[in-house]
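Take a look at the structure set out below.
In listed order, ligands and their atoms are each counted from 1. What you are looking at is a predicted structure, and each value in this text was computed from that prediction instead of being measured.
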Amino acid sequence: MTADTFDSRDVVVEMTDVHAGYLPGVNILNGANLIARKGELIGIIGPNGAGKSTLLKAIFGMVQVRGGEITVNGESIVGLKADKLVRRGVAFVPQTNNVFPSLTIEENLQMGLYQNPKIYTERLEFVSSIFAELGTRLKQRAGSLSGGERQMVAMSRALMMDPSVLLLDEPSAGLSPVRQDDAFIRVSDINKAGVTTIMVEQNARRCLQICDRGYVLDQGRDAHEGTGRDLLNDPKVIGLYLGTLGDAA
Ligand SMILES: Nc1ncnc2c1ncn2[C@@H]1O[C@H](COP(=O)(O)OP(=O)(O)O)[C@@H](O)[C@H]1O
Ligand SMILES: [Mg+2]
């Protein structure tokens, strides 16, 4: 689908001129803008410390939003706490500590559904269609899994609630190259199954290869926006952000 076939009803997440920060008087986001439309896979890349994680935290109510607006399905979500955000359809997979290691895979998945346990069987079926290997190992403790497998459990847990939008913070971080590749394929599969997804990645090249549109975040602002392909071929983006990153991908 091209951008001009969308109308405003298709907008799932919209961030407009968002300013946000952790410490008094210090903003990390300095006028960030982003739109994610229904069914899109959005990539966010940018240097370390640019505010990529902070941008996801701003959507998920984990950092103080001091200016601008964030809407999900047309309604403001600024100031809402996690449980309300989950009800509005926002699912967040943080970069680390994103599973309960002492719980089994099954219990982790159930935690993802605490607001609506009735749909467990139906959602497990959906999640198993993407992560088939988890379905056969439900009684295994998450703490005994490899990094790549934990990431799968974390994404599965987030998908259990049938979210309007899935926020992923560096799903490939800390994985071996083969596992990284697998992580990108899984994210792509999730999106192809219809889930609107916003993914932050330090593996910029690989991220732009699979996303519909991308944003380059620099010093808390969106410095460039475009289709994944356009950004990959944009000399300014290459020079500043892709030069040495992810060449192998
Ligand atoms: N909990 C926090 N308290 C104070 N400053 C933070 C916190 N988390 C991140 N920061 C600061 O915000 C800036 C952006 O961090 P982050 O959003 O994690 O960047 P990125 O994900 O792009 O690497 C950094 O300068 C970082 O030190
Ligand atoms: Mg980060």
Side-chain angles (χ1 to χ4, degrees), residues 13-36 41-70 77-82 85 90-99 147-148 150-151 154-155 158 165-176 179-180 183-184 186-187 197-208 210-211 213-226 228 231-232 234 236-246 249:
V13 178
E14 182 162 21
M15 303 179 76
T16 312
D17 197 25
V18 171
H19 295 251
Y22 303 91
L23 306 174
V26 184
N27 280 344
I28 303 298
L29 296 183
N30 295 295
N33 298 282
L34 175 145
I35 285 188
L41 174 50
I42 300 293
I44 299 169
I45 63 165
N48 244 333
K52 303 183 297 298
S53 296
T54 302
L55 185 142
L56 295 187
K57 289 182 194 168
I59 302 174
F60 207 63
M62 295 166 70
V63 58
Q64 195 187 6
V65 173
R66 295 169 177 152
E69 179 61 290
I70 308 176
I77 54 151
V78 172
L80 295 187
K81 297 271 181 290
L85 289 161
V90 185
F92 176 46
V93 180
Q95 191 180 337
T96 54
N97 301 323
N98 53 22
V99 298
R150 282 187 195 212
Q151 197 57 250
M155 290 196 254
V165 61
L166 176 66
L167 311 176
L168 301 174
D169 196 352
E170 303 214 12
S172 83
L175 305 181
S176 69
R179 297 282 173 217
Q180 284 192 16
F184 283 106
R186 299 311 177 103
V187 171
T197 303
I198 301 175
M199 167 175 54
V200 162
E201 258 297 327
Q202 33 80 46
N203 193 336
R205 201 172 287 274
R206 193 77 183 85
C207 174
L208 294 177
I210 67 162
C211 69
R213 286 190 305 113
Y215 291 83
V216 180
L217 202 67
D218 201 344
Q219 298 180 47
R221 274 193 194 91
D222 41 305
H224 301 274
E225 183 267 335
L231 291 175
L232 275 171
D234 183 333
K236 285 194 299 283
V237 174
I238 294 170
L240 287 170
Y241 309 104
L242 297 176
T244 57
L245 287 176

Note down each nitrogen or oxygen pair, ligand 1 side and protein side, whose separation is under 3.5 Å; give only atom names and the distance to 0.1 Å.
residue: ligand 1; atom: 17 (O); partner: T54; partner atom: N; Å: 2.9
residue: ligand 1; atom: 17 (O); partner: T54; partner atom: OG1; Å: 2.5
residue: ligand 1; atom: 19 (O); partner: G51; partner atom: N; Å: 3.3
residue: ligand 1; atom: 21 (O); partner: S53; partner atom: N; Å: 2.9
residue: ligand 1; atom: 21 (O); partner: S53; partner atom: OG; Å: 2.9
residue: ligand 1; atom: 22 (O); partner: A50; partner atom: N; Å: 3.2
residue: ligand 1; atom: 22 (O); partner: G51; partner atom: N; Å: 3.0
residue: ligand 1; atom: 22 (O); partner: K52; partner atom: N; Å: 2.8
residue: ligand 1; atom: 22 (O); partner: K52; partner atom: NZ; Å: 2.9
residue: ligand 1; atom: 23 (O); partner: G49; partner atom: N; Å: 2.8

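The minimum heavy-atom distance linking M62 with Y22 is given by the pair O-CE2, 4.4 Å. The shortest non-hydrogen separation linking H224 to L231 is CB-CD2, 4.0 Å. Across all non-hydrogen atoms, the minimal contact from L41 to C211 is O-CB, 3.3 Å. D218 and P47 make their closest contact through OD1-CG, 3.9 Å (heavy atoms, listed as atom of the first residue, atom of the second, distance).
Other residues, nucleotides and ligands contribute only 12 or fewer heavy atoms inside 6.0 Å of the CZ atom of R179. For Q219, the CD atom sits in a loose shell: 12 or fewer heavy atoms of surrounding residues, nucleotides or ligands are nearer than 6.0 Å.
Under a 3.5 Å cut-off, the side chain of R206 and the backbone N or O of E201 do not form any donor-acceptor pair. The backbone N or O of I35 lies less than 3.5 Å from a partner atom in the side chain of Y215, making a donor-acceptor pair.
The Mg ion (ligand 2) has S53 OG as its protein N, O or S neighbours under 2.8 Å.
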Before giving the answer on side-chain contact (heavy atoms from CB on, under 4.5 Å), spell out for D169 and K57 the whole-Å C-alpha distance, their side-chain angles and the decisive distance to 0.1 Å.
CA-CA 10 Å; D169 196 352; K57 289 182 194 168; 5.6 Å; no
